[in-house]
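Data first, discussion second: the structure below is written as structure tokens.
Just so it is clear: chains get the letters A, B, ... in the order the sequence lines come, proteins before strands, and each one is counted from 1.
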Amino acid sequence: MSKVATRFAPSPTGALHIGGVRTALFNWLYSKNQNGTFHLRIEDTDKERSKEEHKIQIINSLEWMGIKHDGEEYIQSKKIDEHVKIAKKLLETGHAYKCYCSTEEIEEQKKRAKQKKIPYVYNRKWRDISEDQAPKDIKPVIRFKSKIKGTSLLKDLVQGNVEIENNTIEDFIILRKDETPTYNLSASVDDHNMEMTHIIRGDDHKINTFKQIQIYEALGWSIPQFAHIPLIHTIDGKKLSKRDNASTLEDYSKIGILPESLRNYLLRLGWSYKDKEIFNLDESIKLFNLEGIGKSPSKLDMSRILSLNEYYIKNTDENILYKKLKQYCEIYKEKIKEEKENTIKNSLTFLKNKAKTLEDIFNNSKYILNDEVIFSEKDKELINDEAKKIIYLFKEKISIIKVFDRNNLEKIINGLIESKNTNFKSVGQPLRIMLTGSKFGPGIYDIILSLGKNEVIKRLGNIG
RNA sequence: GGUCCCUUCGUCUAUCGGUUAGGACACAUGGUUUUCAUCCAUGAAAGAGGGGUUCGAUUCCCCUAGGGACCGCCA
């Protein structure tokens, strides 16, 4: 039994979306689980639409997810000559033929089929016509001689046995009239040359598989195993496409979703292992299998992603979390000033407990990040005369305490509540607003302690 | 229209013929709490419909309905 080899084969015609990421993840996980290799193939043969920037984006996305491919990336456009050679070989061995139908002729047939509401299948016109009858003014395409009779069975590792009538597969084109190979030919040849043992891909490729298997058979090549995983649907139940919102990795990373959260989410979307919900990387690799993949498509659920992210934020060590936050702020927000670094780092213990995303942490640390407190008019109104008195008293009291710690702060605040015969809110809220410019945020003691005595006194001095 | 696939709480799913149909997210209620959260407890919530097979079907088979994918000289 040869070593398992899987691949992810995106075309760089747009940003990699989350469905593609999941396909890559499943391929990667499966190969790692089987102690095999995982490869990346860039299918860039559509010259019009393929862009270098998309290729880079794809590689970056995979890297962000922690998915590393083995070996060099395989660039399909560099292998076109080989594909053409195989097409010619298929022609020579009688498995393919030249078709001299003009584009117009085909279009006409398609139109007629549509009018009659019957499915269009190429009529195999040139399958048996001798080549000397070929028109001189038309460049031919090469079509594969598909099986006409009988049925074909696909033993899919996820979908089970899928059987179709061979005559529903037309004599598909393998070489265009400009002598460039088409997808099914290129994919088959590359998968063979790359020695892929398992093709794990989206369900939308299932019908192609029947074409590709015929190519393998015609060439006498061994056929890899196939696993067609169900697609991810949008909230309204359609196939996820590049045009959908919130479907690229960047959409998630920019709001501060951690790659491990997304990895865990994507893993559990369409795959399960008993009742287990949280899988760290090692567990993912150890436990992943094809049997656990369901057959029905699933919808994206943002609240689940957020919830998983919250879990991972809470369970990430502060030093590591800080690194992630720092990097996140640099890319999507603003660079954390050097003199603030330690304060932020030390505040992570409480900041991370009220955040679902890195963006939440960033927002909740704005009172540290910004030297100036910005108030909204509405909040300002809450600082009435009584509140001002309290702020003033509080400021006086902390100015003279020797030890600036939680214990003493509690004493002061409780003392204020008692002497003013009021509740916590009327003391805590004005202080919070003065210190952070917001009614919400971390606990008041956390705020005060993280800011430090001098800064607190300074900010409380802003009172009008 | 043709071919193929799918169908358990709102969502992701467990169940591999016998369960009070379980878990997670979301939701609701209550508690803890020094705001907002967190956290804890509790609750509501599902086998698309109809036939079979069987002592017994969510589970196996068929039909219907609904949904999806594919049907390019794109990949």
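The pairing partner recorded for B/G1 is B/C71, the criterion being a Watson-Crick or G-U wobble arrangement whose two distances lie under 3.5 angstrom. The partner of B/G43, taking Watson-Crick or G-U wobble pairs whose two distances both stay under 3.5 Å, is B/C27.
Looking only at atom types and distance, the side chain of A/Thr248 has a donor-acceptor partner in the side chain of A/Asp251 under 3.5 Å away. At a cut-off of 3.5 Å, with distance as the only test, a side-chain donor of A/Asn166 or A/Ser152 sits close to an acceptor on the other residue. Judged by distance alone, the side chains of A/Asp44 and A/Ser50 never bring a donor and an acceptor atom under 3.5 Å apart.
Closest contact between the side chain of A/Thr168 and the listed nucleotides B/C12, B/U3, B/A75 involves B/U3. When the nucleotides B/C12, B/C70, B/U34 are ranked by their closest atom to the side chain of A/Leu269, B/C12 comes out on top. Listed nucleotides: B/U34, B/C73, B/C25. Nearest to the side chain of A/Asp301: B/C25. For A/Ser272, the listed nucleotide lying nearest its side chain is B/A14; candidates were B/A14, B/A69, B/A75. The listed nucleotides are B/C25, B/C5, B/A75; the one nearest the side chain of A/Ser307 is B/C25.
Rounded to whole Å, the separation between the P atoms of B/C60 and B/C16 comes to 12 Å. Separating the C1' atom of B/G49 from that of B/G66 is a span of 10 Å, rounded to the nearest Å. Comparing the C1' positions of B/U8 and B/A24 gives an interatomic distance of 15 Å, to the nearest angstrom. Separation of the P atoms belonging to B/U42 and B/C9 is 24 Å when rounded to the nearest angstrom. Nucleotides B/A26 and B/G43, compared at atom C1', are 14 Å apart to the nearest Å. B/G56 sits 41 Å from B/A41 when the P atoms are compared, rounded to a whole Å. A gap of 16 Å separates the C1' atoms of B/A45 and B/U20, to the nearest Å.
Backbone-only engagement by A/Glu310 is indicated by non-hydrogen atom pairs under 4.0 Å involving sugar-phosphate atoms exclusively. A/Gly443 comes within 4.0 angstrom of a base, heavy atoms only. The residue A/Glu163 sits close only to the backbone: its heavy atoms come under 4.0 Å of sugar-phosphate atoms, none of a base. Residue contacts shown for A/Lys276 are absent, as no nucleic acid heavy atom lies under 4.0 Å away. Counting any heavy atom pair closer than 4.0 Å across all strands shown, A/Tyr265 reaches no nucleic acid atom. Using a 4.0 Å heavy-atom cutoff across all strands shown, A/Pro442 reaches at least one base atom of the nucleic acid. Backbone-only engagement by A/Lys295 is indicated by non-hydrogen atom pairs under 4.0 Å involving sugar-phosphate atoms exclusively. Residue contacts shown for A/His233 are limited to sugar-phosphate atoms, with no base heavy atom under 4.0 Å away. Residue A/Gln429 is out of contact with every strand shown, counting any heavy-atom pair closer than 4.0 Å.
Within the 3.5 Å criterion, the main-chain N or O of A/Gly441 finds no donor-acceptor partner in the side chain of A/Asn364. Side chain of A/Asn33 to main chain of A/Asn289: no donor-acceptor pair is present (N/O by atom type, distance under 3.5 Å, no hydrogens or angles). Between the side chain of A/Asn408 and the main chain of A/Asp405, no donor-acceptor pair closer than 3.5 Å is present.
For A/Phe226, there are no ring pair (Phe, Tyr, Trp, His ring centres under 6.0 Å) partners, not counting sequence neighbours.
Within 3.5 Å, a donor on the side chain of A/Lys354 pairs with an acceptor on the base of B/C36, or the reverse.
The distance between atom CG of A/Asp44 and atom P of B/A75, rounded to the nearest whole Å, is 10 Å. Across the protein-nucleic acid pair, A/Asn166 atom CG and B/C71 atom P stand 18 Å apart, rounded to whole Å.
A cation-pi arrangement is absent between A/Arg7 and A/Tyr74, since the terminal nitrogen or guanidinium carbon is not both under 6.0 Å from the aromatic centre and inside a 45° cone about the axis.
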Mind listing the N/O atom pairs, protein and nucleotides 19-22 of chain B, below 3.5 Å?
| from | atom 1 | to | atom 2 | distance (Å) |
| --- | --- | --- | --- | --- |
| B/G22 | N2 | A/Asp275 | OD1 | 2.7 |

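Note on A/Thr45: a side-chain N or O is less than 4.0 Å away from OP1 or OP2 of B/A75. OP1 or OP2 of B/C73 lies within a sub-4.0 Å distance of a side-chain N or O belonging to A/Lys110.
The aromatic ring of A/Phe440 does not stack onto the base of B/C36, failing the criterion of a centre distance under 5.5 Å from the six-membered base ring together with planes under 30° apart.
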